[in-house]
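For reference, the structure discussed in these notes is given below.
Model, not experiment: these values are computed from the prediction.
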Amino acid sequence: MKYILFILFSLGFIAKAQVLNKAETKPQPKKEDTLVIDSGKKDSLKIFKPTINDYQYQTQFSEKKVFDTVMTFDKTYIFSQQNNKDNFGRVQPANIGAGFNPLVFEVNPEENLSLLPSNKSYMIIGANDVKYYDVKTPTASFIYHNAMRNGAALKSTYTQNIGKRFNFALEYMGLRSQGLYRNSLSANNNTLFSGHYVSKSGNYELFAHYLHQNVNNQESGGITEDNLFQSGDSNYSNRQNAQVNLASSSSQFSYRRYYLSHQFTPFNSGKFPFSIRHIISHQGNKYYYNQTALEPYWYNDPAELVDGFPLTTKKYSENFSNTVSLIFNNEKFKLDAGVRYQMIKLGIRDVVALNGVPFPGELKENRIGAVGNLQVKLWDKIQLNSFLEFSNGSQFKSYLKTTNNLKFEPVKDYFVNAKVNFQSAYPSFNYLLNTSVYNNFNYYLEDAKNQSVMEVGGSINLKWFKTELFANYFRIDNYTYFDSNGSPKQSNNSVNISQIGGDATFSFNKFHLNTRVHFQNTLTNKELLPLPGFIGRANFFYQTQAFKKAAEIQAGVKVYYFSKFASREYFPVLNEYILPRADSFSIGGQPIADVYINMKVKKMFFFIEGQQIGTVISNNKAYAFPHYPVYDFRLNIGIVWYLFN
C-alpha cells in the first residue's frame with residue numbers, strides 16, 4: 001500500500017509541474033558562465049541568472065564537468081543501484097549493502113598495500129574518486145533508495161562557494177537494510193568533508209578532504225536447505241522462515257582518510273610552465289569479525305578451537321604517504337615526476353601461535369619510491385596518458401604499477417582506445433595474516449611472492465548505433481587466492497584470461513534497444529578462478545516527453561543474464577571469496593528481468609522498478625553465491641533530486 005500511495009503522489013506532482021526550459025534538458029555550449037538578462041530599466045541594471053554551466057565538479061587536478069541533469073538511458077543502470085554505479089559484471093545477494101559476486105576479473109587499486117576485504121570494497125571512495133565542486137549558488141543533492149524489507153539508503157550532498165575561489169562540500173550517506181533472510185542486516189555509512197581553493201592569481205591550488213566510512217553487515221552464512229528454496233516450498237514463501245548457517249555473527253570495516261594535495265607555480269606559467277606539487281595523506285583501515293557465541297557451523301570438535309582466544313577478531317592497517325613532485329605543463333605536453341615516502345603497518349589485536357611459533361603482532365616498514373605521469377595531446381587527434389609508480393621495502397617488497405592509455409580519432413566520431421597496464425604488488429593484506437578462535441582460520445602467509453598482473457587490450461567506438469567493441473587479455477603470475485578451506489595460496493603457474501564484447505544502442509523513433517555482451521574464458525588454471533563464459537544485458541525502452549513537456553518518461557524492460565558456472569563461495573569470516581567446497585553447486589543460467597518506469601521533472605528523477613518479475617509466476621532459483629539466493633520480486637525505488645538555489 002505504501003508503494004501505491006508513493007506512485008500516486010509522484011504522478012500528481014508531475015501533473016502539476018511547470019513546463020521545462022529546453023536549457024534544462026539539453027547540455028548547453030559553454031559560452032559564458034552566467035546568463036545576462038537586461039532588466040529593461042533606464043539605469044541599465046543587469047541581472048546575472050546562473051545557468052547549468054555554473055554548477056560544476058571535478059576530481060583533483062582534472063578538467064571540470066557540468067552537473068548531468070539530462071535523462072539518458074544509462075542512468076537506469078546507475079540510480080537503480082544503491083552504490084550509484086553500473087554493476088554490470090556483478091550479481092547481488094538478497095540485500096543491498098551486502099556486496100556482490102564479481103563475475104568479471106578486475107584489479108582494485110584500493111587493495112594495494114592495505115587491508116581491504118574484497119566484499120567490503122564496493123562502497124569505498126578512493127582518493128581519486130572524491131568530487132570537488134564549483135557552484136555559483138548553494139547547491140544540494142539527494143539520492144534515495146528503498147531497502148529490502150525494512151530501511152532505506154540516502155546520500156545527501158551540500159556544497160557552497162565562499163567567494164570565487166573557495167568551495168566546501170559536506171556529504172553523508174546512510175544505509176540500513178534488514179534483508180530478506182535472517183541475520184543479514186546491512187548498516188553502512190560514510191561522511192565526507194572536502195574543500196577546494198584557488199588563489200586570485202591562479203598560481204596556487206589546493207584540494208583537501210576527510211573521509212570516514214563504515215561497512216557493517218550481519219553474516220548469515222547462507223541458507224541451509226537449498227532444496228526447499230529451489231523447489232519453491234510453501235514454508236519458504238516467507239524468507240524469514242528459511243534457516244541460515246550463522247546466528248550471531250557480523251563483520252565491520254572502518255576506513256578513514258585525511259588527504260591534502262596542493263600545487264604552486266612560482267613563476268609566470270606562460271614563460272616558465274613549472275609547478276611544485278605536494279600530497280600528504282594518512283589512511284587507516286580496520287576489520288572486525290564479531291560473534292556473540294561460538295558458531296557450530298565453523299567447527300566439529302572442541303580441539304579445533306583456540307583456548308582463551310576472544311570471540312572477536314580484529315586487524316588493521318595504516319598508510320602514511322608524503323609525495324613531492326615537479327611538474328612541467330603546457331597545452332600539448334605535461335610531465336610530472338616526484339618522490340614518495342610511505343610508512344605502512346599491518347597488525348592484529350590478538351596473537352596466536354602455530355606449531356609453537358607465534359604470529360607477528362604487527363608488520364611495518366618505511367618505503368621510498370618514485371611516481372611519474374605523462375600526458376601528450378597531438379593535433380586534437382591523439383591523447384597519451386601514462387602513469388608509473390615504484391616503491392621498495394623490506395617487509396612488503398617492491399611495488400610497481402604502470403598504466404598506459406592511448407586514444408586517437410583516425411576519422412571524426414570514430415575513436416580507438418588502447419591500453420597496456422602492468423602491476424606487481426604484494427598480496428592484499430587480508431591474505432597475509434589472520435587470527436581466529438577457530439584454529440582452521442589462523443594463517444600467516446610468510447615470504448609471499450608479488451602477484452603480477454599484465455593487461456593488454458582496447459576498444460573501438462563507432463558512430464553507428466553508438467557502438468563500442470572491446471577486447472582484453474590478462475596474465476596473472478603468482479595468482480593469490482583462498483582455497484576451499486579459507487587458507488591463502490599462490491599459484492605456481494600463470495592464470496590467463498581473455499575477454500571480448502561490445503555495447504550498442506539501436507533506435508527507431510522513440511523506441512530504443514541497448515545491449516551489452518561480454519564473453520570471457522579463463523585459459524589456464526580455470527579451477528583457481530572460475531568465471532562465467534558469457535554475461536549479457538538487454539534494455540528495451542520507450543522514451544518521450546509527457547504532460548505538455550513538463551516531464552520526461554522512460555518505460556521498458558531490462559534482462560540480465562550470466563551463464564552457468566561453478567562459482568567461488570562467499571566466506572564471511574574474511575569477507576572474501578573461496579574456491580568451491582564439497583557441498584557447493586553451480587549457479588547462473590537464470591535470467592533476471594525487471595520492468596521499470598523512470599520519470600524526470602525539472603531536476604528530479606524517479607526510478608521505479610519491478611525487479612525479478614519472473615519470480616511472480618515461477619520459483620526463484622537464482623543465486624548470487626552458492627547458498628546465497630538472489631532477491632525475489634520487489635518494488636525498487638530510486639529518487640535523485642538536484643537543488644540549485
Side-chain angles (χ1 to χ4, degrees), residues 57 59 68 72 74-104 106-111 116-131 141-149 151-157 171-180 184-192 211-218 251-255 257 285 516 535 537 558 560 570 575-577 592 594 596 598 605-609 611-612 624-625 628 630-631 634 636-642:
Y57 67 91
T59 55
D68 185 1
T72 53
D74 59 312
K75 288 185 174 61
T76 194
Y77 302 133
I78 297 171
F79 293 119
S80 61
Q81 303 294 306
Q82 54 87 19
N83 61 344
N84 302 313
K85 296 179 181 179
D86 185 348
N87 291 309
F88 180 86
R90 300 169 181 169
V91 58
Q92 178 181 270
N95 198 13
I96 64 172
F100 298 88
N101 185 354
L103 307 177
V104 175
E106 56 187 355
V107 178
N108 184 358
E110 294 298 320
E111 292 182 317
L116 177 56
S118 297
N119 204 51
K120 298 292 190 184
S121 65
Y122 300 104
M123 299 290 291
I124 297 303
I125 302 172
N128 293 322
D129 300 324
V130 174
K131 294 180 179 179
S141 67
F142 300 93
I143 303 176
Y144 167 88
H145 298 277
N146 66 323
M148 294 188 179
R149 200 170 179 87
L154 177 64
K155 176 183 176 182
S156 56
T157 304
E171 178 180 301
Y172 178 78
M173 188 284 296
L175 180 154
R176 186 175 180 85
S177 180
Q178 183 179 351
L180 301 184
S184 59
L185 173 70
S186 296
N188 307 339
N189 61 77
N190 70 55
T191 303
L192 174 63
L211 173 66
H212 190 186
Q213 295 191 255
N214 293 298
V215 185
N216 303 328
N217 303 92
Q218 290 182 336
S251 61
Q252 296 175 262
F253 181 72
S254 174
Y255 182 100
R257 183 173 64 242
N285 299 6
R516 184 173 181 84
I535 307 167
R537 177 174 69 189
K558 296 185 293 187
Y560 186 50
Y570 172 57
N575 258 252
E576 297 283 358
Y577 315 120
I592 300 173
D594 309 330
Y596 68 90
N598 302 332
F605 298 81
F606 298 88
F607 299 89
I608 304 173
E609 290 185 340
Q611 294 186 332
Q612 269 280 63
F625 296 95
Y628 287 84
V630 169
Y631 46 86
R634 64 184 290 257
N636 181 41
I637 298 174
I639 300 175
V640 181
W641 191 8
Y642 297 105

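No cation-pi contact links R516 to Y77, judged by a cut-off of 6.0 Å to the six-membered ring centre and 45° from its axis. Geometrically, K131 engages Y57 in a cation-pi contact, judged by NZ or CZ lying under 6.0 Å from the ring centre and within 45° of the ring axis. For the pair K75 and F607, the cation-pi test (distance below 6.0 Å, angle within 45°) is failed.
Side-chain contact, S184 with N95: no donor N or O sits under 3.5 Å from an acceptor N or O.
Counting heavy atoms from C-beta on, the side chains of R176 and L185 come closer than 4.5 Å. In this structure, the side chains of E609 and T76 come closer than 4.5 Å at one or more pairs of heavy atoms. N217 has its side chain out of reach of F253: every pair of non-hydrogen atoms, C-beta onward, lies at least 4.5 Å apart. Counting heavy atoms from C-beta on, the side chains of N84 and M173 never come closer than 4.5 Å. Under the 4.5 Å side-chain criterion, counting only non-hydrogen atoms from C-beta, N285 is not in contact with K120.
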query = Are V91 and N101 close enough, and set up right, to give a side chain to side chain contact (heavy atoms under 4.5 Å, CB included), and what steps lead you there?
reply = CA-CA 5 Å; V91 58; N101 185 354; 3.6 Å; yes

ask   = Are N119 and Y577 close enough, and set up right, to give a side-chain hydrogen bond (donor to acceptor under 3.5 Å, both in side chains), and what steps lead you there?
value = CA-CA 8 Å; N119 204 51; Y577 315 120; 2.9 Å; yes

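The two residues S121 and N108 make their nearest non-hydrogen contact at CB-ND2, 3.5 Å. Y172 and T191 make their closest contact through CD1-OG1, 3.4 Å (heavy atoms, listed as atom of the first residue, atom of the second, distance).
Not less than 6.0 angstrom separates the ring centroid of F79 from the ring centroid of F605.
A donor-acceptor pair under 3.5 Å links the side-chain atoms of E576 to the main chain of S118, judged by distance alone.
Between the CG atom of N83 and the OH atom of Y122 there is a distance of 10.0 Å, given to the nearest 0.5 Å.
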